[in-house]
Amino acid sequence: MSRSGKPRVKVPKSAVVGETITIKTLIKHKMESGQRRDGDGNIVPRSIINRFVADFNGQNIIDVKLEPSISTNPYFAFDAIVPEAGEFVFTWYDDDGSVYEKKKKIKVE
Amino acid sequence: MALNRREMIWISSGTVVWTALGSIPSFASKASDLINELTSGAKLGEGLIDLIAPEIAENGNAVPLDVSAEGAEQIMLFGEGNPEPIIATYNFGPLSPSRGVSTRVRLAQTQDVIALAKMGDSSWQIARTTVKVTIGGCGG
């Protein structure tokens, strides 16, 4: 398994004011559910991304609470309105306390 | 009452069947108990949520689920047949036009997936769809 917490985000480089765009996000993470047992029959402790937030210029698009039933390498695709030029901020919160962040700027035509 | 051997077999086989059946609805009630608790027994409308899932998922480890409900403030996803029924809670902000998300989820077995939406006017909507799972996704 490659390193956890590496995010990938797909956002168009530009949009028309007020346009709805589609955003795709993915973060590398094993999403250990806490339901599995190892070879010795011990439960493998839960270790997941528990929250994902997408904001644009301080306004929220989506705020997700993730549970262990979300697949490995959590993926989200959703629409967003672009009211002006600015910056998207994507944040993932890990059970281990790590916070991963990715920013994407967008121009308006 | 005196039971002969044949009657005894019938009765005991019946008990076995009931015990086996009993273990399946226990998950289902866990999801509906959660939903009852969240909605405090409010009326659940239908028809405003689009819940798209494959009819058959070959791999229960990554089942694509697409849910949207225009005007929803929050959408919750449940898998009735998962050890922990709640899958995700989506809260939508002002910049979400469609109030929808696509994601990939784990389904332990063939089951109903439920979407529960809290609408802007505080009413509730519910939708469900059955997904047949060939290989369960619970890592077991």
Side-chain angles (χ1 to χ4, degrees), chain A residues 10-11 15 18-27 29-38 41 43-44 46-84 86-89 106, chain B residues 27 30-31 34 38 50 52-53 57 59-70 72-109 111 113-114 131 133 135-140:
Chain A
K10 214 169 164 184
V11 176
E19 192 185 339
T20 292
I21 60 160
T22 299
I23 294 173
K24 291 178 181 174
T25 72
L26 186 137
I27 188 161
H29 201 281
K30 59 184 186 304
M31 294 294 278
E32 189 59 63
S33 67
Q35 301 280 347
R36 283 189 330 129
R37 284 172 192 279
D38 64 16
I43 286 182
V44 183
R46 172 185 138 151
S47 173
I48 67 167
I49 297 279
N50 57 54
R51 188 177 173 214
F52 165 69
V53 182
D55 288 327
F56 178 75
N57 288 357
Q59 276 199 291
N60 183 245
I61 306 159
I62 188 167
D63 189 335
V64 184
K65 185 169 183 285
L66 290 77
E67 310 288 345
S69 287
I70 295 288
S71 299
T72 305
N73 303 334
Y75 162 86
F76 296 106
F78 49 92
D79 288 346
I81 303 166
V82 182
E84 69 228 352
E87 192 174 53
F88 289 96
V89 180
I106 192 164
Chain B
F27 281 149
K30 222 168 150 183
L34 257 173
L38 286 160
D50 282 325
I52 303 164
N59 180 1
N61 275 309
V63 182
L65 282 189
D66 193 338
V67 67
S68 67
E70 215 161 305
E73 274 179 1
Q74 187 183 64
I75 298 179
M76 268 168 275
L77 289 177
F78 302 90
E80 278 200 323
N82 276 8
E84 286 298 330
I86 187 150
I87 296 171
T89 308
Y90 301 124
N91 295 292
F92 299 101
L95 293 185
S96 171
S98 52
R99 307 293 157 114
V101 196
S102 302
T103 191
R104 297 182 191 129
V105 309
R106 291 173 174 147
L107 297 179
Q109 54 182 309
Q111 60 182 284
V113 171
I114 302 170
V131 181
V133 177
I135 304 166
C138 239

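Letters go in sequence order (proteins before strands), and every chain restarts at 1.
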Legend entry - A:N57 versus A:E84, side-chain donor and acceptor atoms under 3.5 Å: yes
Inset, instruction - With a 4.5 Å cut-off on heavy-atom pairs, point out which of B:S96, B:P64, B:P97 contacts chain A the most. - result: B:P97
Inset, instruction - Specify which of A:D79, A:V53, A:L26 makes the most heavy-atom pairs with chain B at under 4.5 Å. - result: A:D79
Inset, instruction - First locate atom OG1 of A:T20, then atom CG of B:L95, and finally report the distance between them rounded to the nearest 0.5 Å. - result: 10.0 Å
Inset, instruction - Mind ranking B:G100, B:G93, B:A88 by heavy-atom pairs under 4.5 Å with chain A and telling me who comes out on top? - result: B:G93
Legend entry - Full working for side chain to side chain donor-acceptor pair (under 3.5 Å) between A:S69 and B:N82: CA-CA 8 Å; A:S69 287; B:N82 276 8; 3.0 Å; yes
Inset, instruction - Could you tell me which portion of A:L66 (side chain, backbone, both or neither) has an atom closer than 4.5 angstrom to a non-hydrogen atom of chain B? - result: backbone
Legend entry - Winner by heavy-atom pair count (cut-off under 4.5 Å) against chain A, out of B:L77, B:L65, B:I86, B:D66: B:I86
Inset, instruction - Locate the shortest heavy-atom distance separating A:A77 from A:K24; write the atom from each residue and the value. - result: CB-CG, 4.0 Å
Inset, instruction - Could you check which of A:I61, A:I62, A:V64 has the highest count of heavy-atom pairs closer than 4.5 Å to chain B? - result: A:I61
Inset, instruction - List for me each residue that meets ring pair (Phe, Tyr, Trp, His ring centres under 6.0 Å) alongside B:Y90, sequence neighbours excluded, and say none if there are none. - result: none
Legend entry - chain B contact via A:P74 - side chain, backbone, both or neither, heavy atoms under 4.5 Å: neither
Legend entry - Residues in side-chain contact (heavy atoms from CB on, under 4.5 Å) contact with A:S71, at least two apart in sequence or another chain: B:A62, B:R104, B:R106
